[in-house]
Chemist: 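This is the structure I want to talk about, given as structure tokens.
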Amino acid sequence: MSFDECVYALSNHEICILPTETVYGLACSALSVEAILKVYKLKGRPSTNPLIVHVLDHYSAEEISVTNGFSRKLAYAFWPGPLTLILPKKKCVPSEITAGLNSVAVRSPSHPTFRKILNEVKQPLAAPSANPSNKISPTNCKDAVTAFGMNCPPFLDGGQCEIGIESTVIDLTAHSPSILRIGPISKSAIEEVLGTEIQSKTGQKEKKIDTEKPSVSPGLGLKHYAPSTPLYLYTDIEKMLNSNTLIRDDILILPSPNVMIQSHKKNFTLFYLSSVGNPKEITKNFFRILNEADSLKKERIHASLFPCSDHLLLAVNDRLRRAASKCF
Ligand code: AMP
Ligand code: MG
């Protein structure tokens, strides 16, 4: 669709797929209940799982949420960019978008196309990842379109997403801030800006998800980002390469071609997340590669966790854990 058609659709309670710097979003007016319900329906997303509202800046955030000193500092430091702030909501925000919570998630995206659209439609836009609920997030337009098949809404192609994983989510509704979803903005970078220690409630130890109650944070669902092919996850790469669960024809996802594969193990389909193991490149390629591996419809995909020295790789590890069907 053209830029103008997109603006027209969004202004008229319709939905469309838009690029952001994190992952592609299924966008709609955050003030239109009709449009919000279309997004939930198309994604098959439980109504208990709230959406992120996208705005141009902290001034626009003030129109829909009760901002505070923390939000001002964080917006100044990281917006536009991949940081979502949870703040008390204002009345104009429909409860359908917040899963009935009194808080709303707000973010200012940096993708130029998304910003141009926000400028034109002059209203906040919800934009959860453009994929059926719990499936792999799309980081290019083709993956988003394929994910919805025949039901695909109109889309704007903005190329490959620069970051490739979802925003960091921080809750600013309580006395002390806490991280709900780890992502591209690190805990230490946030602590430096706020000048205070923050907690992490990223839910990795949660055993089950209660779909009856609004989730503290949808990204906390233990099962998320999952390919259709079973994903076997190992604590480190050596464990993966030496595992007797590997069977001829399986798919192996590796950090880079620098990993030595023994000759008798060459009957695998290999995918590399980067050329030399650079964390930014790995993060940018992660969902695209997982999608590509999944599309081969083989029996198993194997991947391993990254040594946790880098905050981006920590965030990729978080997605890997939630995508895995078996951990070794
Ligand atoms: P996604 O749309 O898939 O990127 O996921 C949405 C993210 O929004 C989740 O990870 C949540 O952390 C967050 N979220 C949205 N609204 C709220 C809210 N009111 N309270 C807490 N988290 C929220
Ligand atoms: Mg999502």
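Order of listing sets the numbers, starting from 1, for every ligand and every atom in it. In what follows, residues are counted from 1 in the order of the sequence shown.
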Chemist: Could you tell me, atom by atom, which parts of ligand 1 come under 4.0 Å of a heavy atom of P50?
Modeler: 15 (C), 16 (N), 17 (C), 18 (C), 23 (C)
Chemist: Between NZ of K43 and CG of N131, what distance do you get to the nearest 0.5 Å?
Modeler: 4.0 Å
Chemist: Backbone, side chain, both or neither: what part of V23 comes under 4.0 angstrom of ligand 1, heavy atoms only?
Modeler: neither
Chemist: Look up atom OG1 in T245 and atom NZ in K326, then write down how far apart they are to the nearest 0.5 Å.
Modeler: 8.5 Å
Chemist: Quick test of your reading of the model: are R107 and E21 salt-bridged, counting only N-O distances below 4.0 Å?
Modeler: yes
Chemist: Have a look at G183, S103, G100 and point out the one with the heavy atom closest to atom 18 (C) of ligand 1.
Modeler: S103
Chemist: Any side-chain donor paired with an acceptor under 3.5 Å for E166 and S129?
Modeler: no
Chemist: Among side-chain atoms of R288 and N291, is any donor-acceptor pair under 3.5 angstrom?
Modeler: no
Chemist: Among K201, Q199, K187, exactly one meets side chain to side chain contact (heavy atoms under 4.5 Å, CB included) together with I179. Which residue is that?
Modeler: K187
Chemist: Considering both backbone and side-chain atoms of T98, is one of its nitrogen or oxygen atoms within less than 3.5 Å of a nitrogen or oxygen in ligand 1?
Modeler: no
Chemist: Hey, is ligand 1 close enough to R181 that some N/O pair sits below 3.5 Å?
Modeler: yes
Chemist: With heavy atoms of P128 as the reference, note each atom of ligand 1 found under 4.0 Å away.
Modeler: 2 (O)
Chemist: From the Mg ion (ligand 2), how many protein N/O/S atoms are found at a distance short of 2.8 Å?
Modeler: 1
Chemist: Please go through Y76's hydrophobic cluster and name the other residues, only I, L, V, M, F, W, Y counting, with side-chain heavy atoms under 4.5 Å joining them.
Modeler: none
Chemist: Check each heavy atom of V169 against ligand 1 and say whether those closer than 4.0 Å belong to the side chain, the backbone, both or neither.
Modeler: side chain
Chemist: Mind checking salt bridge (charged side-chain N to carboxylate O under 4.0 Å, His left out) for K38 and listing every partner two or more places apart, or none if nothing turns up?
Modeler: E14, E34
Chemist: Quick one: do the T173 and D171 side chains pair a donor with an acceptor below 3.5 Å?
Modeler: yes
Chemist: Would you say L51 contacts ligand 1, with heavy atoms under 4.0 Å as the rule?
Modeler: yes
Chemist: Going by atom types only, do T22 and S167 share a side-chain donor-acceptor pair under 3.5 Å?
Modeler: no
Chemist: For E162, give me all partners under salt bridge (charged side-chain N to carboxylate O under 4.0 Å, His left out), at least two apart in sequence or on another chain.
Modeler: K284
Chemist: On the 0 to 90° scale, with breaks at 30° and 60°, tag the F328-Y234 ring pair as parallel, tilted or perpendicular.
Modeler: parallel
Chemist: Would you mind running through ligand 1 and noting each atom that sits below 4.0 Å from a heavy atom of L101?
Modeler: 18 (C), 19 (N), 20 (N)
Chemist: Counting from 1, what ligand 1 atoms have a heavy atom of A105 closer than 4.0 Å?
Modeler: 14 (N), 15 (C), 16 (N), 17 (C)
Chemist: Which is it for R45 and ligand 1 at heavy atoms under 4.0 Å: side chain, backbone, both or neither?
Modeler: side chain
Chemist: Which atoms of ligand 1 have any heavy atom of I52 under 4.0 Å away?
Modeler: 6 (C), 7 (C), 8 (O)
